[in-house]
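Encoded as structure tokens, the structure appears first; notes follow it.
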Amino acid sequence: MCAVALALLPSPASAAGRAADLAPSPVDFAVLVDESGSLSDPDVAAERAAASLLALGEVSDDSRAAVLGFGSVTGPGQTPVDSVCPLTRLDTLGREQLSSCTAKLHRRSEREGNGTDFPAALAQALSVLAEGADDTPKVVFLLTDGRLDVSDSPAYGSNPASRDVNGRKALAGKVAQARAQKVQIWPLGFGSGVDKRQLDQLAAGGYQSRCADIPSARPAARVTSGSSDVAQVLLAAFAGARCARTTPSRTVGNITSSADLKVTIPSVATDGSLEVVKPDAGAVAVTYYDPLGRKVPPHGRAHGSTFERVGQTGPVEALRIRNPYPGTWRVHVEILGDAAAQRITATAIWQGLLRSYILVDPPAPRAGQRVTARVTLQTREGVVLTEADQLAGIRVSVRLTGRGFAPRTVSLTDSGKGSDTRAHDGEFSARITVPRAATGTLSFVGLMAGEGITGDQRPYVTKVAATGPRLTAAIVLDDHEVNPGGTAAGRIGIRNADSAAHRLRLTWADGSAYRYLTVRPQWMTVRAGATARVPLRLSFGKDARPGAVPGRLELRDQKTGQVVAQSFVTVKVVPPATFLDRYATPVGAGSALVLALLTVLALRWQDRRRARDTSDIQLILFRDDTEVSRLRAPTRAGAEFGFALRPVAGGAHRLLLDSSAGRHRVRRSADGGLAVRLADGTRVAIPRGGRTPLSDGLLVGFADRRPAGRSRGTVRTAGGVRVPDRRSGPGGLLRHLQDDAPGPPQPTLTARRSYDDDF
């Protein structure tokens with residue numbers, strides 16, 4: 001027998017301390033606004049709104065912005081550039097200041113110098129941005145309705161015919177300086193007088209993208225036919241420069257009373273801002289509603305989000321949202337009094353700030369050994385990304401660095417092929433070989449790239465092992481679903497090939513923002529030469545929120561400090577069962593046992609019940625040939641289980657367990673397929689191996705872990721359920737865990753059982 005000591009009073013994981021905050025990185029930017037004489041009054045108004053939009057839409061309080069108006073010098077006493085708004089920190093007060101000072105932008109008269117001096121404007125912007133820290137991203141946005149024109153400016157020579165040529169040379173020098181200072185240039189032209197080629201050269205000449213290889217993040221010139229679209233086009237450029245994204249804007253013209261504008265924030269967004277452009281600020285009242293129809297406050301915290309509203313008195317206002325509820329937000333605008341009809345535009349800018357969590361198996365590899373790297377992604381609130389709409393467009397890789405070899409990067413997949421054990425579960429995997437020349441410390445870093453996505457790069461650090469490990473272990477979770485207040489069971493297998501006993505500690509890492517999980521045991525000791533089998537219990541509080549559980553389990557040798565085994569917490573919390581679900585199964589099973597002992601008829605009835613059990617069913621939702629959602633029947637589903645079809649952000653749909661009266665219901669049919677009764681009473685048949693149309697272009701099929709030819713009399717396991725054998729581990733270690741080991745407690749869910757003719 002091996003000696004295994006278990007902690008009797010483990011500390012709850014909720015005591016792990018608060019999670020480190022993941023905040024948007026700051027950016028410094030300058031907006032150069034053309035004030036040349038060719039502008040019209042509507043053009044100037046559009047420029048003011050666009051400049052305000054950037055300042056109010058920025059998602060970091062630590063960012064700074066400046067607004068500079070420019071023309072040219074044609075006579076004494078003139079300046080080519082006006083500092084309309086100095087470089088200002090974009091906290092609440094700073095945003096209000098930027099919203100107000102943009103009103104000083106105007107069309108220059110001939111006395112002020114009304115040409116278009118791009119070199120002087122860019123030189124001033126570079127000077128302003130040089131005041132910031134070197135590691136803060138720096139961007140210049142240029143708004144113009146024309147092209148470089150310094151023909152009347154003596155600063156570019158005494159000969160008017162050569163001034164524009166000299167101006168272009170000076171501009172090329174300033175663009176080269178921008179590249180050297182790592183300053184991006186994003187030009188925006190509007191109207192028919194724009195030189196698109198010149199603007200393209202400005203964008204290409206400055207510093208390029210910081211956001212991996214994301215097309216929208218590469219500086220590019222944008223041209224629109226008129227000034228009415230300047231604000232939306234500039235905001236899209238700003239999103240690209242900031243490694244963020246915008247949603248399609250919504251515009252309603254000629255509003256005389258009230259209207260609703262709807263914009264969508266995706267589920268992957270962690271920070272966002274709703275922007276409203278309203279030409280006559282005093283004539284428009286704006287109210288914001290979240291996707292559940294709840295009116296949100298202008299300031300403070302509500303429904304898990306934090307709000308800050310700024311710019312109500314200006315032509316642009318914004319509602320900044322930290323941890324926004326995903327879905328379609330409603331912006332309600334109302335025209336006050338007898339004000340003239342208004343043209344209102346609403347849009348959203350958002351960013352997804354994610355953490356990458358990485359596991360390496362084996363934890364301490366040898367030089368030349370092939371390891372498996374696994375990565376999951378989480379938001380700052382600890383939400384594990386597992387759904388297709390959350391992960392769409394995100395690419396994940398791992399970079400290996402260390403002494404003795406050049407860094408190498410390997411792409412990870414969530415395809416269910418190769419090292420990835422299950423497709424589309426949010427866990428990305430790949431195999432990577434440690435170079436034979438590697439010595440000392442190894443660093444594995446999970447990387448992610450996607451439109452609007454950025455994240456941290458916290459490494460998994462280990463050391464190259466000189467020999468094979470004397471202590472090996474594997475962590476396996478048997479239960480992958482649990483109700484709030486319930487317990488998920490698993491196993492830990494440990495082999496100690498050393499000549500001394502080892503004391504190990506099991507901890508729950510990277511999940512401190514999730515306060516509802518306690519892990520047992522916390523300590524265990526394995527004596528020399530022994531193999532231990534340790535039951536694992538994950539206990540969830542009654543307030544545990546539904547969804548995938550963040551973090552990983554880590555088993556560490558206290559003598560050496562080395563990680564011996566790791567596993568992600570592959571458990572989802574599902575809603576609790578109803579009263580009927582909770583008690584129907586034990587009552588039915590007990591009655592069946594009594595009747596089986598008394599009569600042969602009861603035995604046949606019991607046999608038929610088993611044949612119709614749906615516990616092995618997985619419903620699969622398709623759009624065309626693409627799988628969009630998968631739903632596993634409850635562990636003790638009985639003859640039927642209920643489900644609902646819920647739309648989610650981005651127009652996708654998701655299958656969810658549902659025990660309410662208005663649910664869709666699923667049963668087995670005699671031909672080996674499924675019979676589905678929809679909530680409206682419609683009956684749908686799903687053949688085995690086929691798909692059946694459901695609604696809105698969706699099709700439903702199913703996977704069945706029970707073989708098609710199994711007879712109705714097959715004996716089930718002691719608990720009345722079938723549990724797939726998911727045992728695995730280094731070197732087949734968990735084969736030492738015998739089938740007669742104590743099994744996990746089974747959750748009780750829907751258990752109504754009847755025949756198809758009663759369906």
Return yes if some donor-acceptor pair links the side-chain N/O of [X] with the main-chain N/O of [Y] below 3.5 Å, else return no.
X      : Y      : value
Arg320 : Val59  : yes
Arg250 : Val263 : no
Ser100 : Glu96  : yes
Lys174 : Ala172 : no
Ser162 : Val165 : no
Lys278 : Gly314 : yes
Arg179 : Ala204 : yes
Gln390 : Glu387 : yes
Arg163 : Tyr156 : no
Ser52  : Ala50  : no

Flag the pair [X] / [Y] as yes when at least one side-chain heavy-atom distance between them is below 4.5 Å, and no otherwise.
X      : Y      : answer
Leu129 : Glu131 : no
Val194 : Arg147 : no
Val230 : Leu188 : yes
Leu53  : Leu234 : no
Met448 : Ile453 : yes
Leu447 : Val398 : no
Val284 : Glu334 : no
Asn323 : Thr306 : no

Should the ring pair Phe238 and Phe141 be called parallel, tilted or perpendicular, given that the plane angle runs from 0 to 90° and is split at 30 and 60?
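Plane angle between 30° and 60°, so tilted.
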Is it the case that more than 12 heavy atoms not belonging to [X] sit under 6.0 Å from its [atom1] atom?
X      : atom1 : result
Lys262 : NZ    : no
Gln208 : CD    : yes
Asn254 : CG    : no

Reported [atom1]-to-[atom2] distance for the pair [X] and [Y], which is rounded to 0.5 angstrom:
X      : Y      : atom1 : atom2 : answer
Asp164 : Leu171 : CG    : CG    : 11.5 Å
Lys295 : His332 : NZ    : NE2   : 10.0 Å
Glu58  : Asp271 : CD    : CG    : 10.0 Å
Phe444 : Ile358 : CZ    : CD1   : 7.0 Å
Ile349 : Thr247 : CD1   : OG1   : 9.5 Å
Arg309 : His299 : CZ    : NE2   : 8.0 Å

Before giving the answer on side-chain hydrogen bond (donor to acceptor under 3.5 Å, both in side chains), spell out for Ser273 and Glu275 the whole-Å C-alpha distance, their side-chain angles and the decisive distance to 0.1 Å.
CA-CA 6 Å; Ser273 181; Glu275 316 282 330; 2.6 Å; yes
Hey, are [Y] and [X] close enough side-chain-wise for a donor-acceptor pair under 3.5 Å?
X      : Y      : answer
Thr92  : Glu308 : yes
Ser38  : Asp145 : yes
Ser60  : Asp62  : no
Ser249 : Thr347 : no
Asp117 : Ser72  : no
Ser397 : Thr409 : no

Checking Phe190 against Glu47 for the side chain to side chain contact (heavy atoms under 4.5 Å, CB included) test, could you report, in this order, the C-alpha distance in whole Å, the side-chain angles of both residues, the deciding distance, and whether it holds?
CA-CA 10 Å; Phe190 56 93; Glu47 288 183 326; 3.5 Å; yes
Which pair of non-hydrogen atoms, one from Gln378 and one from Tyr357, has the smallest distance, and what is that distance?
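Scanning both residues, the minimum pair turns out to be CD-CE1, 3.3 Å.
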Verdict with reasoning, Thr379 to Thr270, per side-chain hydrogen bond (donor to acceptor under 3.5 Å, both in side chains)
CA-CA 7 Å; Thr379 68; Thr270 57; over 6 Å; no
Out of Val139, Leu87, Val128, which residue meets the side-chain contact (heavy atoms from CB on, under 4.5 Å) rule with Phe29?
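With Phe29 as partner, Val139, Leu87, Val128 yield a single side-chain contact (heavy atoms from CB on, under 4.5 Å), made by Val139.
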Working note: Asp34 + Ser36, criterion side-chain hydrogen bond (donor to acceptor under 3.5 Å, both in side chains); need CA distance, chi angles, decisive distance, verdict.
CA-CA 6 Å; Asp34 189 342; Ser36 62; 2.8 Å; yes
Residues Leu353, Arg380; criterion side chain to side chain contact (heavy atoms under 4.5 Å, CB included); working and verdict:
CA-CA 7 Å; Leu353 301 175; Arg380 71 161 66 92; 3.6 Å; yes
Using a strict threshold of under 4.0 Å (side-chain N to carboxylate O), is an ion pair present between Asp82 and Arg108?
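Yes, Arg108 and Asp82 are salt-bridged.
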Ion pair check, Arg222 and Asp200, cut-off under 4.0 Å:
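Salt bridge absent between Arg222 and Asp200.
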Test salt bridge (charged side-chain N to carboxylate O under 4.0 Å, His left out) on Asp43 and Arg48; report intermediate values, then the result.
CA-CA 9 Å; Asp43 292 341; Arg48 291 172 183 160; over 6 Å; no
Have a look at Glu112 and tell me which of His106, Arg107, Gln78 forms a side chain to side chain donor-acceptor pair (under 3.5 Å) with it.
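Exactly one candidate clears the test, His106.
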If you apply the rule salt bridge (charged side-chain N to carboxylate O under 4.0 Å, His left out), what do you find for Asp195 with Arg197, and how did you get there?
CA-CA 6 Å; Asp195 185 344; Arg197 181 179 178 183; over 6 Å; no
Hey, do the aromatic rings of Phe307 and Tyr288 have their centres closer than 6.0 Å?
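They do not qualify: ring centres at least 6.0 Å apart.
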Could you please spell out the steps behind the side chain to side chain contact (heavy atoms under 4.5 Å, CB included) verdict for Leu385 and Thr376?
CA-CA 7 Å; Leu385 304 187; Thr376 62; over 6 Å; no
Report the C-alpha separation of Asp389 and Ser267 in whole Å, then their side-chain angles, then the decisive distance to 0.1 Å, and conclude whether the side-chain hydrogen bond (donor to acceptor under 3.5 Å, both in side chains) test is met.
CA-CA 8 Å; Asp389 67 304; Ser267 56; 3.1 Å; yes
